[in-house]
Amino acid sequence: MGVYNVHERVLPVPAAEAGALIDGLSGDADRLWPRRDWPPMTLDRPLGPGAAGGHGPVRYTVAAHVPGQWVRFAFRGPRGFDGFHEYTVHPLGPDRTLLRHTLAMRAHGPARLSWPLAYRWFHDAVLEDSLDDAERACTGTVARPARWSPYVRLLRRLRR
């Protein structure tokens with residue numbers, strides 16, 4: 001099963017400011033990953049090619065990193081996740097930037113069930129929370145905060 005999932009947000013800041021959010025991933029001053037409500041993103045060393053880690057049961061290795069522009073993580077787990085997820089920065093002008101998260105993978109084996117039943121829902125919720133954090137970091141507020149669906153709230157209760 002092919003999976004292509006994109007989340008994006010236009011931020012009223014120069015590309016360098018949005019890029020700094022990417023560069024801070026998994027660090028002490030990470031302002032992009034929503035760790036207050038989700039398992040933290042952790043890596044075994046600073047963000048850069050070869051760094052390994054993940055968040056919760058999702059495991060990956062940094063496949064590529066262009067500081068201030070792009071980071072790609074290649075999946076190592078859970079079983080059946082074959083692909084990557086990445087954050088990219090796209091300048092739209094001197095003070096407007098599109099921050100995009102893309103997940104592209106082939107779900108096989110157990111992921112043919114776990115992706116559509118659980119991981120997809122968690123993924124969509126955590127990514128919208130991440131983009132809310134990006135907007136808050138850049139502007140001090142969030143114009144339209146994401147809301148978890150009733151199904152996400154149910155899955156979170158069941159997971160506890």
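Here the structure is a predicted model, which means the values were calculated and not measured.
Side chains of Y87 and T102: a donor-acceptor N/O pair is absent below 3.5 angstrom, by distance only. Under 3.5 Å, the side chains of R136 and T141 contain no donor-acceptor pair of N or O atoms. In summary, the side chains of D129 and W148 do present a donor paired with an acceptor at a separation below 3.5 Å, with no hydrogens or angles considered.
A salt bridge links E128 to R9: one of the charged nitrogens lies within less than 4.0 Å of a carboxylate oxygen.
Looking at H101 and S130, their side chains never come closer than 4.5 Å, going by heavy atoms from C-beta outward. Side-chain contact between R31 and D133 is absent, with no heavy-atom pair separated by less than 4.5 Å.
Taking the six-membered ring wherever Trp is involved, the centroid distance between the rings of F81 and Y60 does not fall below 6.0 Å. Taking the six-membered ring for Trp, H123 and H7 have ring centres closer than 6.0 Å.
Both V126 and Y151 belong to a single network of hydrophobic side chains, linked directly or stepwise wherever heavy atoms of I, L, V, M, F, W or Y lie under 4.5 Å apart. Both F73 and V3 sit in one connected hydrophobic cluster of ILVMFWY residues. Membership requires side-chain heavy atoms under 4.5 Å apart, directly or through other members. A chain of hydrophobic side-chain contacts below 4.5 Å, direct or via other Ile, Leu, Val, Met, Phe, Trp or Tyr residues, connects W121 to Y119. No chain of hydrophobic side-chain contacts below 4.5 Å, direct or via other Ile, Leu, Val, Met, Phe, Trp or Tyr residues, connects V66 to L21. Residues L155 and W115 fall within the same hydrophobic cluster, defined by Ile, Leu, Val, Met, Phe, Trp and Tyr side chains chained together at heavy-atom separations under 4.5 Å.
Within 6.0 Å of CZ in R76 there are more than 12 heavy atoms belonging to other residues, nucleotides or ligands. In R36, the CZ atom is crowded: over 12 heavy atoms of neighbouring residues, nucleotides or ligands sit closer than 6.0 Å.
Relative orientation of the H85 and H55 rings is perpendicular, given thresholds of 30° and 60° on the angle between their planes.
Counting all heavy atoms, side chain and backbone alike, A18 lies closest to L11 at CB-CD1, 4.2 Å.
A donor-acceptor contact shorter than 3.5 Å is absent between the side chain of R100 and the backbone of E86. When atom types are taken as modelled, the side chain of D23 and the backbone of G68 share a donor-acceptor pair closer than 3.5 angstrom. A distance-only check finds a donor-acceptor pair linking the side chain of E135 to the backbone of A143 [under 3.5 Å]. Formation of a donor-acceptor pair under 3.5 Å by the R35 side chain with backbone atoms of L32 is not found in this model. In this structure, the side chain of D44 engages the main chain of A52 through a donor-acceptor pair within 3.5 Å. One N or O on the side chain of T97 and one on the backbone of V13 form a donor-acceptor pair closer than 3.5 Å.
For the pair R156 and W38, the distance from NZ or CZ to the six-membered ring centre is under 6.0 Å and the angle to the ring normal is within 45 degrees.
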